[in-house]
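Counting starts at 1 for both ligands and their atoms, in listed order. If you read the sequence from its start, that first residue is 1, and numbering goes on from there.
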Amino acid sequence: MIKANYPVDKFSGIETPFYYYDLNVLRSTLEEINAQTKKNNFHVHYAMKANVNPAVLETIKNAGLGADCVSGGEVEAALKAGIPASKVVFAGVGKADWEINLGLENDIFCFNVESIPELEVINELAAAKGKVANVALRINPNVDAHTHHYITTGTSENKFGINMEALDQVVDLVLTLQNVKLIGIHFHIGSQITDMTAFHNLCVRVNELQEQFIKKGVELSNINVGGGLGINYEHPNHFAIPEFEAYFKTFRDHLQLRPNQTLHFELGRAVVAQCGSLISKVLYVKEGTVKKFAILDAGFTELIRPALYQAYHRIENLTSDLPEEEYDVVGPICESSDTFAKNYWMNGTKRGDLIALRSAGAYGEIMASQYNLRKLPKAYTSDELTGK
Ligand SMILES: *Cc1c(COP(=O)(O)O)cnc(C)c1O
């Protein structure tokens with residue numbers, strides 16, 4: 001069974017807090033993705049926004065994944081990491097002109113377009129360069145992902161995508177524009193989705209929409225169903241590899257691809273979450289009147305998910321095997337929301353113990369901030385600390 005390993009002896013010389021990436025977990029994850037997708041000619045674009053650590057990106061590039069970018073900075077980072085432009089897709093509701101130009105200059109595979117005015121601007125900027133940009137329409141399929149409302153993106157109340165009611169109008173427009181080529185449709189319904197019904201519902205909606213396009217005589221060469229596959233935050237040791245088999249099977253079984261259509265995915269969290277941990281040191285154990293606080297040297301400046309989304313991360317004391325006790329595990333930031341977990345049972349903890357906040361490879365390091373003038377965390381990999 002694959003699970004993250006912690007070379008605690010190697011950690012002792014490193015200044016905390018820091019991110020630790022177990023690249024063996026990442027490589028196994030990527031192998032599983034490739035095993036599940038190769039037979040179907042499915043294409044996976046890694047969602048860069050989850051993590052752009054150079055060693056992590058290098059490993060992902062080596063596995064042959066493309067990139068899904070949501071900013072010009074991410075397009076630059078993907079290309080710099082050696083991911084070919086022909087595998088780069090670019091989404092986002094607010095692409096600035098320089099970002100569109102960057103994509104055009106590098107001939108990226110596809111712009112995922114989220115509105116009529118954006119479509120017109122891409123057409124104009126492409127015309128100025130004498131180019132034709134590949135575009136896919138990001139459609140808001142009104143499918144509820146049943147996940148936290150902050151990470152639901154595919155319902156009508158959301159700012160993302162083009163509403164289905166407006167689709168006819170948009171398709172008519174795009175066909176009149178000379179410098180954009182409509183190659184596909186794109187969806188992304190949310191994140192941390194573990195119930196396959198949401199993806200099944202998406203397939204049904206895509207099939208209906210495909211009929212609409214066929215009726216209009218529009219041929220699409222690619223369907224992009226976005227990302228969103230969730231991971232198991234409760235049991236990272238038992239379920240280090242996400243449910244790729246069930247996930248890809250859902251699309252294989254329920255999405256009707258036309259001949260010559262390719263299916264694209266944009267997985268972020270599922271690729272990188274389980275390989276990463278935030279390693280922190282216990283500064284103090286403070287006995288309150290009713291509670292014990294384990295005060296860490298890491299806070300929401302290093303890992304904001306608990307404060308931002310009430311997200312759960314498993315917490316392990318790597319240096320104690322004392323009987324479990326109950327703690328509020330908190331950071332040093334001057335905000336009450338700087339709490340990783342309340343009433344959390346972990347091995348008896350003392351000053352100097354090393355703590356791992358698990359499943360922190362996605363939306364962890366990349367969301368770090370310098371609030372309270374803290375230093376950004378460094379990151380280390382299993383390859384550099386232990387050799388492969
Ligand atoms: C964030 C995002 C993804 C990745 O989402 P995960 O839940 O991390 O898989 C994919 N596509 C788009 C357009 C996104 O914004």
Side-chain angles (χ1 to χ4, degrees), residues 26 29-30 33 37 42-53 56-57 60 65-75 77-78 87-95 99 103 108-115 118 135-141 143 145-155 158-162 184-196 198-199 202 222-233 241-244 247-248 250-251 263-276 305 308-309 311 359-367:
L26 179 58
T29 306
L30 291 162
I33 291 173
T37 54
F42 290 174
H43 300 265
V44 180
H45 305 263
Y46 166 62
M48 298 277 292
K49 74 174 188 280
N51 189 322
V52 293
N53 175 278
V56 167
L57 268 190
I60 291 170
L65 271 62
D68 162 43
C69 303
V70 291
S71 73
E74 287 186 3
V75 172
K87 291 183 182 175
V88 171
V89 297
F90 185 8
V93 287
K95 300 182 190 75
E99 296 178 303
I108 60 165
F109 173 58
C110 191
F111 290 87
N112 292 329
V113 174
E114 310 221 8
S115 67
E118 183 194 336
V135 299
L137 301 176
R138 175 168 181 177
I139 300 169
N140 186 335
V143 168
H146 297 291
T147 180
H148 193 284
H149 59 284
Y150 280 12
I151 50 179
T152 296
T153 51
T155 64
N158 227 280
K159 72 173 177 181
F160 297 102
I162 296 165
I185 45 178
H186 171 242
F187 308 84
H188 175 66
I189 56 172
S191 201
Q192 184 51 21
I193 300 166
T194 50
D195 179 356
M196 295 303 141
F199 295 118
L202 174 61
N222 68 311
I223 308 295
N224 183 333
V225 290
L229 175 62
I231 64 136
N232 193 319
Y233 282 97
I241 310 286
E243 299 262 13
F244 294 120
Y247 174 71
F248 289 115
T250 303
F251 292 96
L263 185 57
H264 297 252
F265 299 85
E266 301 170 337
L267 295 174
R269 184 190 313 272
V271 181
V272 290
Q274 296 292 30
C275 76
R305 298 189 66 260
L308 194 58
Y309 315 118
S359 315
Y363 309 106
E365 186 185 358
I366 192 73
M367 285 182 132

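- A heavy-atom distance below 4.5 Å is found between the side chains of Thr29 and Phe244.
- Aromatic rings of Phe109 and Phe90 (six-membered ring for Trp) have centroids beyond the 6.0 Å cut-off, not under it.
- Using a 4.0 Å cut-off between a side-chain N of Lys or Arg and a carboxylate O of Asp or Glu, Lys49 and Glu74 do not qualify as a salt bridge.
- Both tests do not hold together for Lys95 against Phe111: distance to the six-membered ring centre under 6.0 Å, angle to the ring axis within 45°.
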Check each N or O atom of ligand 1 against all protein N or O atoms and list the pairs under 3.5 Å, with atom names and distances to 0.1 Å, one per line.
residue  : atom   : partner : partner atom : Å
ligand 1 : 7 (O)  : Ser191  : OG           : 2.3
ligand 1 : 7 (O)  : Gly228  : N            : 3.4
ligand 1 : 8 (O)  : Arg269  : N            : 2.8
ligand 1 : 8 (O)  : Tyr363  : OH           : 2.6
ligand 1 : 9 (O)  : Gly228  : N            : 2.9
ligand 1 : 9 (O)  : Gly268  : N            : 2.9
ligand 1 : 11 (N) : Asp68   : OD2          : 3.1
ligand 1 : 11 (N) : Glu266  : OE1          : 2.7
ligand 1 : 15 (O) : Lys49   : NZ           : 2.7

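- The side-chain hydrogen bond (donor to acceptor under 3.5 Å, both in side chains) test with Asn112 is passed by exactly one of His264, Arg138, Glu266: Glu266.
- Relative ring orientation between Phe42 and Phe248 is described as tilted, the plane-to-plane angle lying within the 30° to 60° band.
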